[in-house]
Number of protein chains: 2
Amino acid sequence: MSAQPLDSSEHRSGALLDHLARRMRLRSESVLAPLGLRPRHLVALTVLRAGGGTGQQALATILEMDSTNIVGLLNDLEAKQLIERRRSPEDRRRHVVELTEDGAKRLSEAECALAGAEDEVLGALDPAERETLYELLSRASTGTAVSCTEAICVADDTC
Amino acid sequence: MSAQPLDSSEHRSGALLDHLARRMRLRSESVLAPLGLRPRHLVALTVLRAGGGTGQQALATILEMDSTNIVGLLNDLEAKQLIERRRSPEDRRRHVVELTEDGAKRLSEAECALAGAEDEVLGALDPAERETLYELLSRASTGTAVSCTEAICVADDTC
DNA sequence: TAAATAGTTGGTGCCTCACGAACGATCCCT
DNA sequence: AGGGATCGTTCGTGAGGCACCAACTATTTA
């Protein structure tokens, strides 16, 4: 076990994160439906935009999803031509996944469409605070994804 | 409609929220299992601590869950004596739900136990940033009014 | 008295997702 | 060249979350 510091403020964000994510997701579903997307598609696209050019295995690690379910997810996105699977020239077993132009555009559209949903859920925060929140979430999301262990970056990825 | 400037920076937190919540939840499940809790129990307890004394209908609205599913959730928590259902004296149809002492204690324990999980997920943020994140999430979650000034703030000796 | 409301119970069905098994293609090592 | 490991793919299975419907009790309100 780790040492127990007498931290007076036991402020765990987990439950709040869960709560807000749920509220956001419920609204996102209806907003994204006309765009042919689901919340989890948006998560994948966002991750891909942040650190594109990853193999599907790495993507499974980042999203912490089973790799077999990644396939279906990417099939959806590829069918809509929002992502591309290209075989890696270095290792032809690998599929390098990247956003297409359409994908980036659709992601942007989705983000615009989600403005209303975010207004509802994050209504208590002013724009500056929302930007701070975004920045923190973004750093937390990409930081852990890129820097965690050395095992992920087997090859010379964009790490 | 809205006067949102269409900058190149359409910073929507929804997907990031979803992503991080998932990663946190995956870790929370195994951590909370020994305590007999599940992530969604923790969400309910957290909400109850923030604004206790609500009816179940109100709780369903806050958590945005179907009220029939709220019943089962509260049954779990009441069976463990972490919450109490009392009939409201004003309207005897209503069940006023509140944390018990055991509930507050268990919640604190859970939050302590989640330190490791949070370290993994929010590893890219330093303590000050995590506190900022918590504060933003907390404000967003409880709406605008954080009348926490008079709240009990039990978390001092339990850790 | 009649209608509306809060909670409870039971049941149904859909969707997500983790997990296992099998397969082709490819790399890597000896 | 051969054998084992790895990446991606497909299929199936099962557990669990959750929305929804229907019926019922207790209580408030018009």
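By convention in this document, chain letters (A, B, ...) are assigned in the order of the sequence lines, proteins followed by strands, and residues within each chain are numbered from 1.
The shortest distance between the side-chain N/O atoms of A/Asn75 and the OP1/OP2 oxygens of D/dT10 is below 4.0 Å. The side chain of B/Arg25 places no N or O atom within less than 4.0 Å of a non-bridging phosphate oxygen (OP1 or OP2) of D/dG16. Distances shown here put every side-chain N or O of A/Arg87 at or beyond 4.0 Å from the OP1 or OP2 atom of D/dG8. Phosphate contact (OP1/OP2 of D/dT6, side-chain N/O of A/Gln57, threshold under 4.0 Å): absent. Of the side-chain N and O atoms in A/His95, one or more sit less than 4.0 angstrom from OP1 or OP2 of D/dT9.
Map A/Thr68 and A/Arg93 each onto its nearest nucleotide of DNA chain C; the residue landing nearer the 5' end is A/Thr68. Residue order along DNA chain C, read from the 5' end via each residue's closest nucleotide, puts A/Asn69 first among A/Ser88 and A/Asn69. If you find the closest nucleotide of DNA chain D to A/Arg22 and to A/Leu74, the one lying nearer the 5' end belongs to A/Leu74.
The separation between B/Leu63 atom CG and D/dC18 atom C1' is 13 Å, rounded to whole Å. If you take CD1 of B/Ile70 and P of C/dT8, they are 10 Å apart, rounded to a whole angstrom. Rounding to whole angstrom units, CZ of residue A/Arg92 and P of D/dT9 are separated by 14 Å. Per the geometry, CE belonging to B/Met65 stands 15 Å off C1' belonging to C/dG7, to the nearest Å. Between B/Asp66 atom CG and C/dG10 atom P the separation is 16 Å, expressed in whole Å. In this structure, B/Glu64 places its CD atom 14 Å from C1' of D/dC18, rounding to the nearest Å. One interatomic measurement links the two molecules: CG of B/Leu73 to P of D/dG16, which rounds to 16 Å at whole-angstrom precision. Separating the CD atom of B/Gln56 from the C1' atom of D/dA26 is a distance of 14 Å, rounded to the nearest angstrom.
Ion pair B/Lys105/B/Glu101 not flagged as a salt bridge, since none of the NZ, NE, NH1 or NH2 atoms sits closer than 4.0 Å to an Asp/Glu carboxylate oxygen. Here A/Glu98 does not pair with A/Arg85 in a salt bridge; the nearest charged N to carboxylate O distance is not below 4.0 Å. The residues B/Glu111 and B/Arg49 are annotated as salt-bridged, a charged nitrogen and a carboxylate oxygen being separated by less than 4.0 angstrom. Salt-bridge annotation for B/Arg130 and B/Asp119: present, with a side-chain N of the basic residue lying under 4.0 Å from a carboxylate O of the acidic one.
Side-chain proximity of B/Asp91 to the nucleotides D/dG8, D/dT28, C/dC27 is greatest for D/dT28. Closest to the side chain of A/Arg40, out of C/dC17, D/dT10, D/dC18, is C/dC17. Checked against C/dT26, C/dT8, D/dG8, the side chain of A/Arg85 finds its nearest nucleotide in D/dG8.
Side chains of A/His95 and A/Arg86: no donor on one and acceptor on the other come within 3.5 Å.
Within 4.0 Å (heavy atoms only), A/Gly72 reaches no atom of the nucleic acid at all.
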